[in-house]
Amino acid sequence: MNIIVLAKQVPNTTEMKVNKETGTLIRDGIETIINPDDLAGIEAALRIKEKNGAKVTVVTMGPNNAESMLREAYGLGVDETVLVTDKAFAGSDTLATSKILAEAIKNLEYDLIIAGRQAIDGDTAQVGPQIAELLSLPQVSYVEEITDIEEGFITVIKSTETHSFELNVRMPALITTLSELNTARYMNVKDVWESYDKEVKKFNNNDLKLNKEEIGLKGSPTRVKKTFIKAITKKSEKQILNAAKAADVIVEALNPHL
Amino acid sequence: MTKDIFVYVEVQDNKIMDVSLELINKAKELIDSRKDFGFQVVGVLIGNKISNLAAEVIYYGADKVIVCDHADLSLYNTMNYAEIIKGIIKKYNPEIFLYGGTILGRDLAPRVSAKVNTGLTADATSIEFDPNDEFSKELWITRPAFGGNLFATIVCPNHKPQMATVRGNVFEKAIRCENKRGEILEYKYDIITNNAITLVRKIDKIQKKSDITKAKIIVSGGRGMSSNIDLLEETAINLKGEVGASRALIDEGLCPKTIQVGQTGKTVKPIIYLACGISGAVQHTAGMENSEMIIAINTDENAPIFDVADISIVGDASKILHELNTRFK
Ligand SMILES: Cc1cc2nc3c(=O)[nH]c(=O)nc-3n(C[C@H](O)[C@H](O)[C@H](O)COP(=O)(O)OP(=O)(O)OC[C@H]3O[C@@H](n4cnc5c(N)ncnc54)[C@H](O)[C@@H]3O)c2cc1C
Ligand SMILES: Nc1ncnc2c1ncn2[C@@H]1O[C@H](COP(=O)(O)O)[C@@H](O)[C@H]1O
């Protein structure tokens, strides 16, 4: 069985700060991490590999330095990695990204594609379902448990706001995983050592031959018109109060609603 | 010519989701801001035995409802639903198509966007027509990015429909009005039997006793309350409200994820939001700043929560809640 995991290198947004004067992100010195939902996808693939045997390939689209993330994936024990990179891909929105990744995937073998539910830098949760559509695959998003996998089928549990569903999905198929799905393993020292000798396959647009109108900024239906930080408007005066006084103030505010 | 604003009307357990009704009303507001366009609000209702709900969509503000009711549509299946929506888009050419940012909406809308080759903006927090050009049909959709550290306004100038998903409680729904009249159109579709995904079993979630998105009063706690969770619960009972929490309490395993308020939790809009020991990080305030009244208690007078509070109390939240509870004895 061949499993492709889509993983994105993202800035650790918990450490992100905004320059209040320019309204832009301060990216300097921010560490990059494997997007958490994708890390769960890699772990899920590795567990399937251990149980049923599988070849696990991690695919990412990004700048050249995303290679370091792929080395990390080797350190976790994946079998192959692919970096999809080209200047022409820069500025792609989710749809253009999905077209590029889908085209790259067509050059690979797969029974199962695992994407993360969403990337923490954009939080869009679109790339998984879009790729499923572009490759005409059945999809189950927000997978929180893989209960079974056997020849040609995978069984998963996903929840909506009100119910959980156990679904049997015919492969080839695409699922998106939540970081809650599992806890990723640590890197294996031997694998980390060996990762430096392993090949990171590279695809650029000479390989994929996508129409320039479909990729990058030009191929992106959505545009960022502007970015800004929210202006703070102070609404009330601060009151330093002892407990009794504070309780009085709260009760007064609550009274009409109790 | 593209026209009209379409809203996907999501149904769960034979009930229309509130977020869909909120979007119907938002669509109506958008149309009222550009009366000359002559746009209408159109609800799209897909499922099995859902025709009876079409009138409801009209009572909440839709001018038209397109209904696709079919026995094979009882189990939601992304491929079928996306195919139906594509058919509807091809037939009616909407200018705008909005979806609730629910688990289903965030599964369906991106699939549709790839199918009809258009843009999709996720988790919109505000939607308006281009404020600089009264003749423009361009939607300006604003959303948080980079973990809420920044807001971005996104447009989709050259592809139709312009699409967005919007979370619940961001917009207000209209008051139900049974006098409202509208048109109900049936959409016929030959279901392609698609057995790629089959249901093994449906598991009813244990009925959560609380649903903070519907609560009128929320007593919410942050890390400053981590050793006094029971005080939050006691206060919520006294005030006939629900307990909410910042992510800090969820990460510490003190509260369930279902009550997390914020960007990666729920968006809430109660009459009163009592924030106790919450610093007020943007990711938290994104989920509660539209509450009708925010009362914040924090020991740190510089806590950013005070920037959004209507009543700002500098003090020890545990002591104050304790005192408050004695008033209800
Ligand atoms: C991508 C992303 C998504 C996120 N999503 C969410 C989300 O959905 N929801 C969310 O809440 N957070 C979210 N966060 C986390 C958020 O950034 C903050 O870390 C979190 O909200 C902080 O929680 P807190 O205010 O409870 O804790 P802290 O920031 O530690 O604040 C505790 C506060 O309690 C006060 N305090 C201490 N003792 C007392 C006392 N006795 N009485 C009164 N006050 C006291 C302190 O002065 C302090 O202000 C997200 C972060 C990221 C990066
Ligand atoms: N540039 C990328 N390279 C590889 N995978 C990606 C990329 N962008 C998005 N994905 C995958 O799609 C998922 C959803 O991303 P998003 O739609 O950006 O929230 C991520 O969790 C990844 O699995």
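Letters go in sequence order (proteins before strands), and every chain restarts at 1. Computed from heavy atoms alone, side chains included, the values below leave out hydrogens, waters and symmetry copies.
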Student: Can you tell which part of B:Pro157 gets under 4.5 Å to a heavy atom of chain A, answering side chain, backbone, both or neither?
Tutor: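 Both backbone and side chain.
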Student: Under a 4.0 Å N-O cut-off, is there an ion pair linking B:Arg143 with A:Asp123?
Tutor: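 No, no charged N to carboxylate O under 4.0 Å.
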Student: Measuring heavy-atom distances to chain B, does A:Thr155 have an atom under 4.5 Å in its side chain, in its backbone, in both, or in neither?
Tutor: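 When you check distances to chain B, only side chain atoms of A:Thr155 fall under 4.5 Å.
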Student: Only pairs of heavy atoms separated by less than 4.5 Å count here; which of A:Leu134, A:Thr147, A:Leu254 has the most with chain B?
Tutor: A:Leu254
Student: For residues 293-300 of chain B, give me every residue with a non-hydrogen atom less than 4.5 Å from any non-hydrogen atom of chain A.
Tutor: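 Checking residues 293-300 of chain B against chain A gives B:Met293, B:Ile295, B:Ile297.
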Student: Please classify the contact between B:Ile272 and chain A as side chain, backbone, both or neither, with a heavy-atom cut-off of under 4.5 Å.
Tutor: side chain
Student: Of the backbone (N, CA, C, O) and the side chain (C-beta and beyond), which part of A:Asp93 lies under 4.5 Å from a heavy atom of chain B, both, or neither?
Tutor: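 For A:Asp93, neither part sits under 4.5 Å from chain B.
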Student: Report which part of A:Ile157 has an atom under 4.5 Å of a heavy atom belonging to chain B: side chain, backbone, both, or neither.
Tutor: side chain
Student: Could you tell me whether B:Arg111 and A:Glu133 have a side-chain N and a carboxylate O separated by less than 4.0 Å?
Tutor: yes
Student: Please look at A:Thr124 and chain B and tell me whether the side chain, the backbone, both or neither of the residue comes under 4.5 angstrom of a heavy atom of that chain.
Tutor: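 For A:Thr124, heavy atoms of backbone and side chain both lie under 4.5 Å from chain B.
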Student: Heavy-atom distances under 4.5 Å only: say whether A:Ile240 touches chain B with side chain, backbone, both or neither.
Tutor: both
Student: Where on A:Phe165 is there a heavy atom nearer than 4.5 Å to chain B: the side chain, the backbone, both, or neither?
Tutor: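 Both parts, backbone and side chain.
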Student: Is A:Gln126 reaching over with its side chain to a backbone N or O of B:Leu120, donor-acceptor style, under 3.5 angstrom?
Tutor: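 Flag set: sc A:Gln126 to bb B:Leu120 pair under 3.5 Å.
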Student: Minimum heavy-atom separation for A:Ala253 and B:Ile311, please, with both atom names.
Tutor: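 It is CB-CD1, 3.8 Å.
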Student: With distance as the sole criterion, is a donor-acceptor pair present between the side chains of A:Lys238 and B:Asn302 under 3.5 Å?
Tutor: no
Student: Less than 4.0 Å between a side-chain N and a carboxylate O, is that true for B:Lys202 and A:Glu166?
Tutor: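 Looking at B:Lys202 together with A:Glu166, the answer is no, because their closest N to O distance does not fall below 4.0 Å.
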